[in-house]
Amino acid sequence: MGNDGGSIAGRAELVKLKKPEKRVESVLVAKQRAQFCSLTKERLRKPIACCRAGYLYNYDTLLKAFMEKKIPKELKHLQNIKKIKKLNITENPDQNNEFPFVCPISQKALNGKEKFQALWTCGCVFNEKLIKDLKIKEFKCPICNKPYTEKDIVQLCPTNEEAEIKKAQLYKEIEIKEKQKEDQKQQFKVPDAAENLESQQKKKVCTEERKCMKQAIENNKLQVLQNQTQDLKKNEIYQSLFHQQHKLEDNLFTRNVRFGNR
């Protein structure tokens with residue numbers, strides 16, 4: 001026991017330490033995510049889709065939620081249909097098993113305990129240990145042999161802690177993209193303002209030119225009208241010499257012209 005002169009007591013012997021708490025809740029949540037849709041909580045059935053956070057969904061119900069705009073706040077990382085991937089997943093041949101899907105090569109069940117991965121490029125789903133067991137060094141899908149990168153790997157059915165970390169990363173990426181869009185809009189605002197000012201000046205010049213042209217046309221019309229009236233008066237005087245219907249006022253000049261007296 002110590003303190004008897006032969007040995008020194010350690011802290012573990014003097015103080016009762018708490019046993020480390022097992023995260024049973026996280027494991028249960030991961031199991032539920034392997035069985036039920038993360039949106040509707042219904043049992044998973046083909047076709048299946050996943051998001052970047054690793055949640056599984058019934059594809060048809062998720063599409064309906066997008067159309068009706070009924071995505072809940074806790075899934076706000078699902079901004080649009082581009083944020084989900086339809087999966088090439090294998091059903092469990094044992095229909096009595098509580099877990100509906102398995103790895104197509106190892107036949108291990110997707111039960112929340114076993115680490116499963118999905119590839120964003122091709123949508124294939126397989127056990128994480130499969131890559132180690134097959135000693136695949138290249139980034140190629142073990143099922144369809146399509147190439148992929150580390151960013152394309154999605155960890156399925158995560159625990160609460162893993163999901164929160166992944167969602168925080170996704171929210172940060174969304175904020176960065178939105179900030180970049182705002183910066184681009186502000187950059188385009190300056191040339192847009194200059195273009196608007198230039199277009200306004202051009203419009204002003206055009207309107208002034210149109211006013212000048214309109215005034216010139218009106219002045220020209222007035223001059224033509226005056227000339228026509230003068231010609232008409234001259235024509236009436238000339239015609240009055242030969243026609244009775246074009247009589248002018250009887251005066252000494254017209255009387256002498258009619259009778260040939262000059």
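Please read these numbers as outputs of a predicted model, since none were measured by experiment. Hydrogens, waters and symmetry mates play no part in the numbers below; they use all other heavy atoms, side chains included.
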Practice task
Check step by step if side-chain contact (heavy atoms from CB on, under 4.5 Å) holds for Ile84 and Phe66.
Solution key: CA-CA 11 Å; Ile84 63 171; Phe66 274 122; 4.0 Å; yes

Exercise for the section: Check Phe116 against Ala109 and note the closest heavy-atom contact, atom names and distance. Expected result: CE1-O, 3.5 Å

Handout entry: Point-to-point distance, once rounded to the nearest 0.5 Å, from CG of Leu39 to OH of Tyr57
Key = 7.5 Å

Handout entry: side-chain contact (heavy atoms from CB on, under 4.5 Å) evaluation trace for Val125 with Asn88
Key = CA-CA 6 Å; Val125 178; Asn88 178 22; over 6 Å; no

Handout entry: Reference residue Glu162; test salt bridge (Lys or Arg N to Asp or Glu O under 4.0 Å); the match among Lys115, Arg33, Lys167
Key = Lys115

Practice task
State plainly whether one hydrophobic cluster holds both Ile89 and Tyr59, where clusters connect Ile, Leu, Val, Met, Phe, Trp and Tyr through side-chain heavy atoms under 4.5 angstrom apart.
Solution key: no

Problem - Same cluster (ILVMFWY, side-chain, under 4.5 Å), Leu44 and Val102 - result: no

Practice task
Indicate yes or no: at least one non-hydrogen side-chain atom of Ile48 is less than 4.5 angstrom from one of Asn58.
Solution key: yes

Problem - CD1-SG distance between Ile143 and Cys103, expressed to the nearest 0.5 angstrom - result: 6.0 Å

Exercise for the section: Starting at CZ of Arg43, measure out to CD of Gln35 and round the result to the nearest 0.5 Å. Expected result: 6.0 Å

Fill in the blank from the handout: Interatomic distance, CD@Glu42 vs SG@Cys37, rounded to 0.5 Å, equals 7.0 Å

Handout entry: Trace of the side-chain contact (heavy atoms from CB on, under 4.5 Å) decision for Leu78 with Leu62
Key = CA-CA 10 Å; Leu78 299 177; Leu62 187 57; 4.2 Å; yes

Problem - Closest heavy-atom pair and its distance - Arg52, Asp152 - result: NH1-CA, 4.1 Å

Fill in the blank from the handout: All heavy atoms of Pro158 vs all of Ala53, minimum pair found to be CG-O, 3.3 Å

Handout entry: Trace of the side-chain contact (heavy atoms from CB on, under 4.5 Å) decision for Ile174 with Glu178
Key = CA-CA 6 Å; Ile174 292 169; Glu178 289 179 351; 3.7 Å; yes

Exercise for the section: Taking the side chain as every heavy atom from C-beta outward, state whether Lys166 and Gln169 have any atom pair closer than 4.5 Å. Expected result: yes

Problem - Cluster link Leu56 to Trp120, ILVMFWY, side chain under 4.5 Å - result: yes

Practice task
Give a yes or no on whether Ile153 and Ile165 share a hydrophobic cluster (residues Ile, Leu, Val, Met, Phe, Trp, Tyr; joining criterion: side-chain heavy atoms under 4.5 Å apart).
Solution key: no

Handout entry: Hydrophobic cluster identity match, Ile71 and Leu63, side-chain contacts under 4.5 Å
Key = yes

Practice task
Can you see which heavy atom on Cys50 is nearest to which on Leu87, and at what distance?
Solution key: SG-CD2, 3.6 Å

Handout entry: Approximate separation, where rounding is to 0.5 Å, of Ser106 OG and Leu130 CG
Key = 6.0 Å

Fill in the blank from the handout: So CD of Glu161 and OG1 of Thr159: to nearest 0.5 Å the spacing works out to 4.5 Å

Exercise for the section: Search all heavy atoms of Pro100 against all heavy atoms of Ala34 and return the closest pair with its distance. Expected result: CD-O, 3.7 Å

Practice task
May I ask you to test the Gln79-Leu170 pair for a side-chain heavy-atom distance under 4.5 Å?
Solution key: no

Exercise for the section: Looking only at non-hydrogen atoms, find the nearest pair between Phe99 and Asn97 and report the distance. Expected result: N-OD1, 3.0 Å

